[in-house]
Student: 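Structure below; questions to follow.
A quick note: this is a predicted structure, and the numbers were derived from the prediction, not measured. Residue indices begin at 1 and follow the sequence shown.
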Amino acid sequence: MVLLASTKAKKVDHLRERRNNERQYVFDVVFGADSSQEEVYTSTTKHLVDNVMNGYNATVFAYGATGGGKTYTMVGTRDNPGIMVRALNDLFEAAGESNRKVR
């Protein structure tokens, strides 16, 4: 969890004096700049493939600032595929296994 607290303004604002200036942000996983595509996929999405094969729905949503790396994380490159490509590969592999049934 990251807790951001703003300092009180010098000017008295009676309309906002009871307003909480703290903001909380909670993250399930945080990755550094040196994290690999495989690490991100394994930690966030890989477990969803089995759930989908068992009939559940799953969604992976990328949110962030422009230029933050969402497209690279989701799609990747030919040599370093992202979450979508890895998930589809795992889904097709699981569907092709003889002992698995797609519901």
Student: Between A87 and T45, what is the shortest heavy-atom contact and its length?
Tutor: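 Nearest pair, atom of A87 first, then T45: CB-CG2, 4.4 Å.
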
Student: To the nearest 0.5 Å, how far apart are CD1 in I83 and OH in Y72?
Tutor: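 Reported value, rounded in 0.5 Å steps: 11.5 Å.
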
Student: Once side-chain hydrogen bond (donor to acceptor under 3.5 Å, both in side chains) is applied, do any residues pair with K46, and if so which ones, sequence neighbours excluded?
Tutor: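 So K46 forms a side-chain hydrogen bond (donor to acceptor under 3.5 Å, both in side chains) with D90.
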
Student: What is the distance from atom CD of E93 to atom CG of L88, rounded to the nearest 0.5 Å?
Tutor: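 CG of L88 is found 12.5 Å from CD of E93.
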
Student: Distance from N51 atom CG to M53 atom CE, nearest 0.5 Å?
Tutor: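 If I round to the nearest 0.5 Å, the distance is 11.5 Å.
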
Student: Any donor and acceptor pair, going by atom type alone, linking the side chain of N54 with main-chain N or O of D50 inside 3.5 Å?
Tutor: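 Yes, because the side chain of N54 sits within donor-acceptor range (under 3.5 Å) of the backbone of D50.
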
Student: Taking atom CD of E22 and atom CG of L3, what is their separation to the nearest 0.5 Å?
Tutor: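 E22 atom CD to L3 atom CG measures 4.5 Å (nearest 0.5 Å).
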
Student: Without hydrogens or angle criteria, can the side chains of E38 and T42 be said to hold a donor-acceptor pair below 3.5 Å?
Tutor: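 There is such a pair (donor and acceptor under 3.5 Å, judged by atom type) between the side chains of E38 and T42.
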
Student: Please check this pair: side chain of S43 against backbone of E39, looking for a donor-acceptor N/O pair closer than 3.5 Å.
Tutor: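 Checked: pair present.
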
Student: Just verifying a value: how many Å separate K70 NZ and Y63 OH, rounded to the nearest 0.5 Å?
Tutor: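 Between atom NZ of K70 and atom OH of Y63 there are 9.0 Å.
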
Student: So if you build clusters from Ile, Leu, Val, Met, Phe, Trp, Tyr with side-chain heavy-atom gaps below 4.5 Å, do L48 and V85 land together?
Tutor: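 Not linked; separate clusters.
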
Student: Members other than F27 in its cluster, when Ile, Leu, Val, Met, Phe, Trp, Tyr link by side-chain heavy atoms under 4.5 Å?
Tutor: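 Its cluster mates, by chain and number, are V2, L4, Y25, V30.
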
Student: Do M74 and V60 have side chains that get closer than 4.5 Å, going by heavy atoms?
Tutor: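 Yes, side chains in contact.
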
Student: With no hydrogens and no angle check, is any side-chain donor or acceptor of R86 less than 3.5 Å from a backbone partner on Y41?
Tutor: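 No.
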
Student: Please report the interatomic distance CD(Q24) to CE(M1), rounded to the nearest 0.5 Å.
Tutor: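 That separation rounds to 4.5 Å.
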
